[in-house]
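Right, one structure below, let's go through it.
Keep in mind that this is a model prediction, so the values were computed, not measured. Order of the sequence lines fixes the chain letters, A, B, ..., with proteins taken first and strands second; residue numbering starts at 1 for each chain. Hydrogens, waters and symmetry mates are skipped; everything else that's a heavy atom, side chains included, is used.
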Amino acid sequence: MLDPKRLRTDAAAIAAQLARRGYTFDLAAFERLESRRKQLQTETEALQAARNKASKDIGFAKAKGQDARPLLETVEQSKQRLAENELALSALQAEFDDFLARVPNIPHDSVPDGKDEQDNVEIRRVGTPRQFDFPVKDHADLGEALGQMDFAAAAKLTGARFVVLKKDLARLHRALTQFMLDVHTREHGYEELYVPYIVNAASLRGTGQLPKFGEDLFALKGEDGQDWRLIPTAEVPVTNLLRDEILDAGELPKKWVAHTPCFRSEAGAAGRDTRGMIRQHQFEKVELVQAVEPGKSYEALEQLTAHAEAILKKLELPYRVVALCAGDMGANAAKTYDIEVWLPSQQRYREISSCSNFEDFQARRMLARYRHPETKKTELLHTLNGSGLAVGRTLVAVLENYQRADGGWDAPAALKPYLPD
RNA sequence: GGAGAGAUGGCCGAGUGGACGAAGGCGCUCCCCUGCUAAGGGAGUAUAGGGCUUUAAAACCUUAUCGAGGGUUCGAAUCCCUCUCUCUCCGCCA
(Lines give C-alpha, C1' and ligand atoms only; values in the text may rest on other atoms or scores of the structure.)
Protein backbone atom coordinates (compact mmCIF):
# COMPACT_ATOMS: atom_id res chain seq x y z
CA MET A 1 0.00 0.00 0.00
CA LEU A 2 1.29 3.40 -0.90
CA ASP A 3 1.38 6.23 1.60
CA PRO A 4 -2.00 7.97 1.38
CA LYS A 5 -0.42 11.20 2.59
CA ARG A 6 2.09 11.21 -0.21
CA LEU A 7 -0.63 10.34 -2.63
CA ARG A 8 -2.60 13.36 -1.49
CA THR A 9 0.23 15.83 -1.79
CA ASP A 10 2.00 14.35 -4.78
CA ALA A 11 -0.52 12.39 -6.79
CA ALA A 12 0.59 13.57 -10.22
CA ALA A 13 4.24 12.65 -9.67
CA ILE A 14 3.30 9.26 -8.29
CA ALA A 15 0.99 8.65 -11.23
CA ALA A 16 3.92 9.36 -13.54
CA GLN A 17 6.13 6.84 -11.73
CA LEU A 18 3.39 4.24 -11.79
CA ALA A 19 2.97 4.78 -15.51
CA ARG A 20 6.41 3.21 -15.88
CA ARG A 21 4.89 -0.14 -15.02
CA GLY A 22 2.03 0.39 -17.41
CA TYR A 23 -0.37 1.20 -14.61
CA THR A 24 -2.77 4.04 -15.11
CA PHE A 25 -3.45 5.71 -11.82
CA ASP A 26 -6.99 7.04 -11.87
CA LEU A 27 -6.23 10.51 -10.61
CA ALA A 28 -9.78 11.76 -11.06
CA ALA A 29 -11.24 8.84 -9.11
CA PHE A 30 -8.68 9.30 -6.38
CA GLU A 31 -9.35 13.01 -6.02
CA ARG A 32 -13.07 12.47 -6.00
CA LEU A 33 -12.77 9.85 -3.26
CA GLU A 34 -10.32 11.97 -1.34
CA SER A 35 -12.36 15.14 -1.31
CA ARG A 36 -15.48 13.28 -0.28
CA ARG A 37 -13.52 11.49 2.39
CA LYS A 38 -12.12 14.68 3.82
CA GLN A 39 -15.45 16.41 3.93
CA LEU A 40 -17.30 13.45 5.37
CA GLN A 41 -14.65 12.58 7.91
CA THR A 42 -14.29 16.12 9.22
CA GLU A 43 -18.02 16.44 9.55
CA THR A 44 -18.47 13.06 11.20
CA GLU A 45 -15.71 13.65 13.69
CA ALA A 46 -17.16 17.05 14.59
CA LEU A 47 -20.49 15.39 15.27
CA GLN A 48 -18.79 12.72 17.35
CA ALA A 49 -16.92 15.35 19.31
CA ALA A 50 -20.15 17.21 20.00
CA ARG A 51 -21.83 14.03 21.14
CA ASN A 52 -18.93 13.08 23.39
CA LYS A 53 -18.97 16.52 24.94
CA ALA A 54 -22.70 16.46 25.51
CA SER A 55 -22.53 13.00 27.04
CA LYS A 56 -19.93 14.16 29.50
CA ASP A 57 -22.03 17.16 30.38
CA ILE A 58 -24.98 14.89 31.03
CA GLY A 59 -22.83 12.93 33.38
CA PHE A 60 -21.79 16.11 35.19
CA ALA A 61 -25.31 17.38 35.42
CA LYS A 62 -26.63 14.13 36.80
CA ALA A 63 -23.82 13.93 39.31
CA LYS A 64 -24.80 17.38 40.56
CA GLY A 65 -28.43 16.42 40.62
CA GLN A 66 -29.36 18.88 37.88
CA ASP A 67 -31.92 18.30 35.20
CA ALA A 68 -30.21 16.76 32.18
CA ARG A 69 -33.29 16.70 30.03
CA PRO A 70 -32.45 19.66 27.74
CA LEU A 71 -29.03 18.21 26.98
CA LEU A 72 -30.53 14.85 26.26
CA GLU A 73 -32.88 16.38 23.77
CA THR A 74 -30.18 18.19 21.82
CA VAL A 75 -28.09 15.03 21.60
CA GLU A 76 -31.11 13.11 20.51
CA GLN A 77 -31.60 15.48 17.62
CA SER A 78 -28.19 14.97 16.03
CA LYS A 79 -28.19 11.26 16.65
CA GLN A 80 -29.79 10.32 13.37
CA ARG A 81 -27.46 12.50 11.36
CA LEU A 82 -24.40 11.13 13.10
CA ALA A 83 -25.47 7.57 12.43
CA GLU A 84 -25.96 8.33 8.75
CA ASN A 85 -22.60 10.05 8.58
CA GLU A 86 -20.81 7.19 10.25
CA LEU A 87 -22.36 4.72 7.91
CA ALA A 88 -21.48 6.76 4.84
CA LEU A 89 -17.96 7.30 6.09
CA SER A 90 -17.24 3.65 6.71
CA ALA A 91 -18.60 2.78 3.28
CA LEU A 92 -16.41 5.41 1.72
CA GLN A 93 -13.42 4.28 3.72
CA ALA A 94 -13.93 0.74 2.49
CA GLU A 95 -14.09 2.02 -1.06
CA PHE A 96 -10.97 4.07 -0.49
CA ASP A 97 -9.08 1.15 1.04
CA ASP A 98 -10.02 -1.08 -1.83
CA PHE A 99 -8.87 1.54 -4.30
CA LEU A 100 -5.59 1.92 -2.46
CA ALA A 101 -5.07 -1.82 -2.13
CA ARG A 102 -5.09 -2.16 -5.89
CA VAL A 103 -2.49 0.48 -6.58
CA PRO A 104 0.92 -1.13 -7.16
CA ASN A 105 4.21 -0.07 -5.63
CA ILE A 106 6.36 2.67 -7.12
CA PRO A 107 9.31 1.25 -9.06
CA HIS A 108 12.69 2.31 -7.69
CA ASP A 109 14.69 4.73 -9.82
CA SER A 110 17.20 2.01 -10.62
CA VAL A 111 14.51 -0.21 -12.16
CA PRO A 112 14.87 -0.30 -15.94
CA ASP A 113 12.08 0.96 -18.15
CA GLY A 114 10.14 -1.57 -20.17
CA LYS A 115 6.82 -3.26 -20.55
CA ASP A 116 7.50 -6.99 -20.36
CA GLU A 117 10.02 -9.80 -20.06
CA GLN A 118 11.74 -8.68 -23.27
CA ASP A 119 12.91 -5.49 -21.59
CA ASN A 120 14.49 -7.04 -18.52
CA VAL A 121 18.16 -6.26 -18.14
CA GLU A 122 20.80 -8.90 -17.57
CA ILE A 123 23.06 -7.83 -14.70
CA ARG A 124 25.55 -10.68 -14.65
CA ARG A 125 26.15 -14.16 -15.91
CA VAL A 126 27.94 -16.72 -13.76
CA GLY A 127 29.28 -20.08 -14.91
CA THR A 128 29.50 -21.50 -18.38
CA PRO A 129 26.91 -23.91 -19.75
CA ARG A 130 28.41 -27.32 -20.19
CA GLN A 131 29.06 -28.67 -23.69
CA PHE A 132 27.51 -32.09 -24.14
CA ASP A 133 28.93 -34.66 -26.55
CA PHE A 134 25.63 -36.51 -26.62
CA PRO A 135 22.03 -35.43 -27.21
CA VAL A 136 20.69 -33.92 -23.98
CA LYS A 137 17.40 -35.00 -22.53
CA ASP A 138 15.11 -32.92 -20.44
CA HIS A 139 14.51 -33.71 -16.78
CA ALA A 140 11.16 -35.36 -17.40
CA ASP A 141 12.62 -37.83 -19.90
CA LEU A 142 15.57 -38.51 -17.64
CA GLY A 143 13.46 -38.95 -14.55
CA GLU A 144 10.85 -41.12 -16.17
CA ALA A 145 13.48 -43.33 -17.82
CA LEU A 146 15.01 -43.85 -14.39
CA GLY A 147 11.57 -44.79 -13.08
CA GLN A 148 11.91 -42.13 -10.38
CA MET A 149 9.74 -39.31 -11.68
CA ASP A 150 6.14 -40.34 -12.21
CA PHE A 151 3.69 -37.80 -13.60
CA ALA A 152 1.10 -40.42 -14.49
CA ALA A 153 0.95 -41.66 -10.91
CA ALA A 154 0.48 -38.12 -9.64
CA ALA A 155 -2.26 -37.55 -12.19
CA LYS A 156 -4.02 -40.63 -10.86
CA LEU A 157 -3.71 -39.43 -7.29
CA THR A 158 -4.66 -35.86 -7.91
CA GLY A 159 -4.50 -34.49 -11.46
CA ALA A 160 -2.27 -32.56 -13.80
CA ARG A 161 0.71 -30.53 -12.59
CA PHE A 162 1.74 -32.84 -9.78
CA VAL A 163 4.58 -35.32 -9.53
CA VAL A 164 5.64 -38.38 -7.60
CA LEU A 165 9.37 -38.70 -7.03
CA LYS A 166 10.96 -41.98 -6.04
CA LYS A 167 14.21 -43.36 -4.72
CA ASP A 168 17.26 -41.24 -5.55
CA LEU A 169 15.25 -38.37 -6.96
CA ALA A 170 13.07 -38.18 -3.86
CA ARG A 171 16.26 -38.23 -1.85
CA LEU A 172 17.90 -35.61 -4.05
CA HIS A 173 14.89 -33.39 -3.46
CA ARG A 174 15.27 -33.75 0.28
CA ALA A 175 19.03 -33.31 0.11
CA LEU A 176 18.70 -30.05 -1.82
CA THR A 177 16.31 -28.69 0.79
CA GLN A 178 18.61 -29.63 3.62
CA PHE A 179 21.62 -28.21 1.84
CA MET A 180 19.96 -24.87 1.22
CA LEU A 181 18.74 -24.51 4.79
CA ASP A 182 22.18 -25.34 6.14
CA VAL A 183 23.93 -22.80 3.92
CA HIS A 184 21.56 -19.99 4.82
CA THR A 185 21.53 -20.65 8.54
CA ARG A 186 25.23 -21.42 8.93
CA GLU A 187 26.83 -19.13 6.41
CA HIS A 188 24.37 -16.31 5.86
CA GLY A 189 23.00 -15.79 9.35
CA TYR A 190 19.34 -16.61 8.81
CA GLU A 191 17.10 -17.88 11.58
CA GLU A 192 15.23 -21.02 10.57
CA LEU A 193 11.46 -21.10 10.94
CA TYR A 194 8.76 -23.70 10.69
CA VAL A 195 5.43 -22.11 9.84
CA PRO A 196 1.80 -22.92 8.97
CA TYR A 197 1.03 -23.80 5.37
CA ILE A 198 -2.52 -22.55 5.76
CA VAL A 199 -3.15 -18.87 6.39
CA ASN A 200 -6.09 -16.57 6.92
CA ALA A 201 -7.24 -13.71 4.72
CA ALA A 202 -5.63 -11.06 6.91
CA SER A 203 -2.20 -12.56 6.26
CA LEU A 204 -2.83 -12.67 2.53
CA ARG A 205 -3.85 -9.04 2.56
CA GLY A 206 -0.74 -8.23 4.56
CA THR A 207 1.62 -9.45 1.90
CA GLY A 208 -0.64 -8.36 -0.95
CA GLN A 209 -1.95 -11.65 -2.40
CA LEU A 210 -5.41 -10.31 -1.64
CA PRO A 211 -7.51 -8.60 -2.81
CA LYS A 212 -5.94 -8.74 -6.25
CA PHE A 213 -4.53 -12.23 -6.80
CA GLY A 214 -6.99 -14.48 -5.03
CA GLU A 215 -7.57 -16.62 -8.10
CA ASP A 216 -4.00 -17.95 -7.87
CA LEU A 217 -4.66 -19.42 -4.44
CA PHE A 218 -6.16 -22.70 -3.33
CA ALA A 219 -8.97 -22.06 -0.87
CA LEU A 220 -9.89 -24.56 1.80
CA LYS A 221 -13.47 -25.62 2.22
CA GLY A 222 -13.53 -24.67 5.85
CA GLU A 223 -16.19 -24.52 8.47
CA ASP A 224 -18.70 -21.69 8.53
CA GLY A 225 -17.29 -18.58 6.95
CA GLN A 226 -13.68 -19.45 7.65
CA ASP A 227 -11.44 -18.08 4.92
CA TRP A 228 -8.33 -20.22 4.85
CA ARG A 229 -5.97 -20.63 1.91
CA LEU A 230 -2.94 -22.74 1.18
CA ILE A 231 0.17 -20.60 1.05
CA PRO A 232 1.49 -19.77 -2.43
CA THR A 233 4.87 -18.99 -0.85
CA ALA A 234 6.46 -18.93 2.60
CA GLU A 235 6.59 -15.17 2.22
CA VAL A 236 3.02 -15.04 3.50
CA PRO A 237 3.36 -16.75 6.87
CA VAL A 238 6.90 -15.51 7.46
CA THR A 239 6.51 -11.83 6.61
CA ASN A 240 3.20 -11.69 8.45
CA LEU A 241 5.04 -12.49 11.66
CA LEU A 242 5.76 -8.78 11.59
CA ARG A 243 2.12 -7.79 11.26
CA ASP A 244 1.03 -5.34 13.98
CA GLU A 245 4.43 -5.55 15.61
CA ILE A 246 6.81 -2.86 16.74
CA LEU A 247 10.38 -4.12 16.83
CA ASP A 248 13.33 -2.66 18.68
CA ALA A 249 16.04 -1.30 16.44
CA GLY A 250 18.39 -3.76 18.07
CA GLU A 251 16.45 -6.69 16.62
CA LEU A 252 17.18 -5.56 13.10
CA PRO A 253 17.91 -6.75 10.56
CA LYS A 254 15.54 -9.70 10.87
CA LYS A 255 16.66 -12.54 8.64
CA TRP A 256 14.46 -15.58 8.40
CA VAL A 257 14.63 -18.72 6.30
CA ALA A 258 11.80 -21.21 5.98
CA HIS A 259 11.29 -24.32 3.94
CA THR A 260 7.67 -24.83 2.92
CA PRO A 261 5.57 -26.33 0.20
CA CYS A 262 3.90 -23.76 -2.03
CA PHE A 263 0.52 -24.19 -3.64
CA ARG A 264 -0.52 -22.29 -6.73
CA SER A 265 -3.57 -22.82 -8.86
CA GLU A 266 -1.69 -21.47 -11.90
CA ALA A 267 -4.88 -19.92 -13.15
CA GLY A 268 -4.12 -18.33 -16.47
CA ALA A 269 -1.08 -20.51 -17.07
CA ALA A 270 -2.93 -23.12 -19.12
CA GLY A 271 -0.67 -24.49 -21.80
CA ARG A 272 2.48 -22.99 -20.30
CA ASP A 273 5.20 -25.35 -19.10
CA THR A 274 2.76 -28.21 -19.01
CA ARG A 275 5.58 -30.68 -19.34
CA GLY A 276 7.74 -31.73 -16.42
CA MET A 277 8.29 -30.19 -13.05
CA ILE A 278 8.77 -26.57 -14.07
CA ARG A 279 5.28 -25.39 -13.21
CA GLN A 280 3.39 -27.44 -10.64
CA HIS A 281 0.45 -26.85 -8.36
CA GLN A 282 2.61 -27.99 -5.46
CA PHE A 283 6.31 -27.34 -5.10
CA GLU A 284 8.81 -26.67 -2.38
CA LYS A 285 10.81 -23.61 -1.75
CA VAL A 286 13.39 -22.40 0.71
CA GLU A 287 12.47 -18.79 1.25
CA LEU A 288 14.58 -15.94 2.56
CA VAL A 289 12.83 -13.03 4.25
CA GLN A 290 14.36 -9.89 5.68
CA ALA A 291 13.03 -6.90 7.57
CA VAL A 292 15.42 -3.98 7.75
CA GLU A 293 15.63 -0.27 8.54
CA PRO A 294 14.36 1.85 5.67
CA GLY A 295 17.77 3.22 4.71
CA LYS A 296 19.28 -0.22 4.34
CA SER A 297 16.91 -2.13 2.13
CA TYR A 298 18.74 -1.76 -1.16
CA GLU A 299 21.96 -2.94 0.38
CA ALA A 300 19.93 -5.83 1.84
CA LEU A 301 18.46 -6.66 -1.57
CA GLU A 302 21.96 -7.07 -3.01
CA GLN A 303 22.95 -9.30 -0.10
CA LEU A 304 19.81 -11.39 -0.21
CA THR A 305 20.25 -11.93 -3.93
CA ALA A 306 23.86 -12.95 -3.33
CA HIS A 307 22.68 -15.43 -0.70
CA ALA A 308 20.39 -17.09 -3.21
CA GLU A 309 23.13 -17.06 -5.82
CA ALA A 310 25.50 -18.74 -3.39
CA ILE A 311 23.42 -21.92 -3.64
CA LEU A 312 23.82 -22.02 -7.41
CA LYS A 313 27.52 -21.29 -7.16
CA LYS A 314 28.02 -24.12 -4.70
CA LEU A 315 26.04 -26.45 -6.92
CA GLU A 316 28.08 -25.20 -9.88
CA LEU A 317 25.03 -24.46 -11.94
CA PRO A 318 25.32 -21.72 -14.58
CA TYR A 319 22.95 -18.85 -14.03
CA ARG A 320 22.32 -15.22 -14.70
CA VAL A 321 20.80 -12.38 -12.71
CA VAL A 322 18.23 -10.19 -14.36
CA ALA A 323 16.80 -6.89 -13.19
CA LEU A 324 13.11 -6.90 -13.96
CA CYS A 325 11.86 -3.92 -15.87
CA ALA A 326 9.11 -1.75 -14.45
CA GLY A 327 6.41 -3.42 -16.54
CA ASP A 328 7.39 -6.98 -15.58
CA MET A 329 7.61 -6.55 -11.81
CA GLY A 330 5.07 -7.86 -9.34
CA ALA A 331 2.68 -5.28 -7.96
CA ASN A 332 4.22 -5.18 -4.49
CA ALA A 333 7.84 -4.88 -5.49
CA ALA A 334 9.84 -1.69 -5.75
CA LYS A 335 12.70 -3.63 -7.30
CA THR A 336 13.16 -7.26 -8.28
CA TYR A 337 16.07 -9.39 -9.42
CA ASP A 338 15.25 -12.71 -10.98
CA ILE A 339 17.88 -15.41 -10.85
CA GLU A 340 17.68 -17.73 -13.83
CA VAL A 341 19.40 -21.09 -14.06
CA TRP A 342 20.63 -22.63 -17.29
CA LEU A 343 18.53 -25.51 -18.58
CA PRO A 344 20.35 -27.43 -21.32
CA SER A 345 17.16 -29.01 -22.64
CA GLN A 346 15.66 -25.61 -23.29
CA GLN A 347 18.93 -23.92 -24.22
CA ARG A 348 17.92 -20.98 -22.10
CA TYR A 349 17.89 -19.56 -18.60
CA ARG A 350 14.79 -20.19 -16.50
CA GLU A 351 13.68 -18.44 -13.33
CA ILE A 352 14.70 -20.24 -10.16
CA SER A 353 14.51 -17.36 -7.71
CA SER A 354 12.96 -13.94 -7.49
CA CYS A 355 14.38 -11.46 -5.00
CA SER A 356 12.44 -8.33 -4.21
CA ASN A 357 12.57 -5.23 -2.10
CA PHE A 358 9.10 -4.09 -1.17
CA GLU A 359 10.34 -1.04 0.71
CA ASP A 360 7.51 -0.08 3.09
CA PHE A 361 4.73 -1.22 0.76
CA GLN A 362 3.94 -4.44 2.62
CA ALA A 363 4.92 -2.99 5.97
CA ARG A 364 2.38 -0.19 5.72
CA ARG A 365 -0.44 -2.59 4.99
CA MET A 366 0.47 -4.90 7.83
CA LEU A 367 1.72 -2.21 10.24
CA ALA A 368 5.16 -3.71 10.57
CA ARG A 369 7.19 -1.11 12.42
CA TYR A 370 10.26 -0.55 14.53
CA ARG A 371 11.08 2.06 17.09
CA HIS A 372 13.63 4.56 15.91
CA PRO A 373 16.31 4.67 18.61
CA GLU A 374 16.75 8.44 18.47
CA THR A 375 13.29 9.82 17.82
CA LYS A 376 11.55 7.01 19.77
CA LYS A 377 8.92 7.15 17.07
CA THR A 378 7.59 4.18 15.22
CA GLU A 379 8.66 3.87 11.61
CA LEU A 380 7.66 1.39 8.95
CA LEU A 381 10.14 -1.35 8.22
CA HIS A 382 11.29 -2.33 4.78
CA THR A 383 10.62 -5.93 3.86
CA LEU A 384 12.36 -8.15 1.33
CA ASN A 385 12.21 -11.70 0.23
CA GLY A 386 13.61 -14.10 -2.27
CA SER A 387 13.68 -17.79 -3.02
CA GLY A 388 16.83 -19.43 -1.97
CA LEU A 389 15.89 -21.48 -3.99
CA ALA A 390 12.88 -23.14 -5.55
CA VAL A 391 13.66 -26.77 -4.74
CA GLY A 392 11.80 -28.44 -7.60
CA ARG A 393 13.41 -26.29 -10.23
CA THR A 394 16.80 -26.79 -8.62
CA LEU A 395 16.29 -30.52 -8.91
CA VAL A 396 15.41 -30.05 -12.56
CA ALA A 397 18.58 -28.01 -13.09
CA VAL A 398 20.81 -30.52 -11.34
CA LEU A 399 19.35 -33.40 -13.28
CA GLU A 400 19.71 -31.70 -16.64
CA ASN A 401 23.10 -30.09 -16.14
CA TYR A 402 24.67 -33.15 -14.51
CA GLN A 403 23.18 -35.75 -16.82
CA ARG A 404 25.31 -38.50 -18.31
CA ALA A 405 25.13 -40.16 -21.70
CA ASP A 406 23.79 -43.32 -20.03
CA GLY A 407 20.76 -41.45 -18.71
CA GLY A 408 22.06 -41.19 -15.16
CA TRP A 409 23.27 -38.13 -13.35
CA ASP A 410 26.15 -37.15 -11.11
CA ALA A 411 25.69 -35.36 -7.84
CA PRO A 412 27.26 -31.91 -7.52
CA ALA A 413 30.27 -32.04 -5.21
CA ALA A 414 28.62 -29.75 -2.67
CA LEU A 415 25.77 -32.22 -2.31
CA LYS A 416 27.91 -35.27 -1.65
CA PRO A 417 27.68 -34.98 2.17
CA TYR A 418 23.91 -34.99 1.80
CA LEU A 419 23.88 -38.01 -0.50
CA PRO A 420 25.98 -40.71 1.16
CA ASP A 421 26.31 -43.91 -0.81
C1' G B 1 -15.66 -33.80 20.94
C1' G B 2 -17.68 -32.64 26.39
C1' A B 3 -17.40 -29.30 30.89
C1' G B 4 -15.59 -24.87 32.98
C1' A B 5 -12.57 -20.23 33.30
C1' G B 6 -10.59 -16.24 30.86
C1' A B 7 -8.72 -12.19 27.02
C1' U B 8 -7.35 -4.68 29.70
C1' G B 9 -1.09 -0.59 27.92
C1' G B 10 6.12 -3.38 27.03
C1' C B 11 4.83 -6.82 31.47
C1' C B 12 1.78 -7.79 36.04
C1' G B 13 -2.86 -6.12 37.48
C1' A B 14 -7.40 -2.84 39.15
C1' G B 15 -11.68 -1.24 37.00
C1' U B 16 -19.51 -4.10 36.41
C1' G B 17 -22.71 2.40 32.97
C1' G B 18 -20.50 8.90 33.32
C1' A B 19 -14.74 13.22 34.88
C1' C B 20 -11.36 6.26 32.06
C1' G B 21 -6.81 6.05 27.08
C1' A B 22 -7.64 3.59 31.56
C1' A B 23 -5.65 3.15 39.28
C1' G B 24 -1.42 0.76 41.31
C1' G B 25 3.07 -1.91 40.59
C1' C B 26 7.22 -3.51 37.47
C1' G B 27 10.13 -2.10 33.43
C1' C B 28 12.03 1.87 30.42
C1' U B 29 13.63 7.31 29.46
C1' C B 30 15.15 12.03 31.41
C1' C B 31 16.38 15.02 35.71
C1' C B 32 17.86 15.61 40.99
C1' C B 33 20.45 13.64 45.17
C1' U B 34 24.35 10.48 46.64
C1' G B 35 32.39 10.29 46.71
C1' C B 36 32.61 4.39 44.38
C1' U B 37 27.84 -0.81 39.64
C1' A B 38 23.27 0.10 46.10
C1' A B 39 19.34 3.11 47.83
C1' G B 40 16.15 7.53 47.48
C1' G B 41 13.24 11.82 45.18
C1' G B 42 10.76 14.10 40.78
C1' A B 43 8.84 14.06 35.78
C1' G B 44 7.60 11.34 31.54
C1' U B 45 6.24 6.70 29.09
C1' A B 46 0.04 3.05 23.98
C1' U B 47 -1.27 2.83 18.73
C1' A B 48 -3.42 4.36 14.21
C1' G B 49 -6.08 8.18 11.57
C1' G B 50 -7.93 13.16 10.46
C1' G B 51 -7.89 18.70 10.88
C1' C B 52 -4.73 22.84 11.21
C1' U B 53 0.02 24.60 10.43
C1' U B 54 4.55 23.45 8.07
C1' U B 55 10.01 22.47 3.73
C1' A B 56 9.16 18.60 7.30
C1' A B 57 8.19 17.73 12.15
C1' A B 58 6.71 19.27 16.89
C1' A B 59 2.86 21.82 19.32
C1' C B 60 -2.42 22.36 19.14
C1' C B 61 -7.61 20.51 18.13
C1' U B 62 -10.11 16.04 17.17
C1' U B 63 -11.67 10.72 16.10
C1' A B 64 -11.08 5.60 16.83
C1' U B 65 -9.06 1.52 19.59
C1' C B 66 -9.48 -2.37 26.59
C1' G B 67 -9.33 -10.10 21.69
C1' A B 68 -12.79 -9.24 16.83
C1' G B 69 -17.56 -7.89 14.95
C1' G B 70 -22.52 -6.35 15.94
C1' G B 71 -26.35 -4.42 19.48
C1' U B 72 -28.58 -1.50 23.79
C1' U B 73 -27.65 3.70 25.67
C1' C B 74 -27.24 10.73 25.54
C1' G B 75 -22.83 7.91 27.15
C1' A B 76 -19.84 1.06 27.12
C1' A B 77 -13.42 -1.60 29.22
C1' U B 78 -18.06 -2.25 32.11
C1' C B 79 -24.67 -4.63 29.87
C1' C B 80 -26.54 -8.09 25.60
C1' C B 81 -25.50 -11.25 21.08
C1' U B 82 -22.08 -13.73 17.65
C1' C B 83 -17.20 -15.18 16.60
C1' U B 84 -11.88 -15.98 17.50
C1' C B 85 -8.10 -17.26 20.66
C1' U B 86 -5.91 -18.88 25.47
C1' C B 87 -5.99 -21.83 29.98
C1' U B 88 -7.84 -26.14 33.23
C1' C B 89 -10.21 -31.02 33.51
C1' C B 90 -12.19 -35.30 30.70
C1' G B 91 -12.23 -38.04 26.02
C1' C B 92 -9.64 -39.04 21.43
C1' C B 93 -5.29 -38.81 18.59
C1' A B 94 -0.09 -38.19 14.49
Nucleotide by nucleotide, nucleotides 52-66 of chain B touches protein heavy atoms under 4.0 Å in the pattern (B base, S sugar-phosphate only, - none) S---------SSS--
What dot-bracket string describes RNA chain B from 5' to 3', counting Watson-Crick and G-U wobble pairs whose defining distances are under 3.5 Å, with [ ] for crossing pairs and | for pairs to another strand?
((((((((.[[[..)..(.....]]]((((((.......))))))((((((........)))))).[[[[[..)....]]]]])))))))....
Compute the centroid of each ring, for A:Phe263 and then for A:Phe218, and state whether the two points are separated by less than 6.0 Å.
no
Set of side-chain hydrogen bond (donor to acceptor under 3.5 Å, both in side chains) partners for A:Glu187, sequence neighbours left out
A:Lys314
Mind checking if A:Thr378 touches a base, just sugar-phosphate, or nothing, with heavy atoms under 4.0 Å?
sugar-phosphate
Side-chain N or O of A:Arg369 closer than 4.0 Å to phosphate OP1/OP2 of B:A48:
yes
Under 4.0 Å from any atom of RNA chain B, heavy atoms only: list the residues of residues 360-367 of chain A that qualify, in numerical order.
none
So, OP1 or OP2 of B:C74: does either fall under 4.0 Å of a side-chain N or O from A:Lys79?
yes
Mind checking A:Lys62 for me? I need base, sugar-phosphate or nothing, with any heavy atom below 4.0 Å counting as a touch.
base
Whole-Å P distance, B:C33 and B:G27
23 Å
Starting from the 5' end of RNA chain B, give me the residue, A:Gln41 or A:Phe60, whose nearest nucleotide shows up first.
A:Phe60
Pairwise salt bridge (charged side-chain N to carboxylate O under 4.0 Å, His left out) hits with a residue in residues 302-313 of chain A, at least two apart
A:Arg124-A:Glu309
Which nucleotide in B:G18, B:U47, B:G21 has an atom nearest any side-chain atom of A:Lys56
B:G21
Kindly state each residue pair satisfying salt bridge (charged side-chain N to carboxylate O under 4.0 Å, His left out) with at least one member in residues 152-179 of chain A, sequence neighbours excluded.
A:Asp150-A:Lys166
Let me know, please, whether A:Ser55 or A:Thr42 comes out on the 5' side of the other along RNA chain B by nearest nucleotide.
A:Ser55
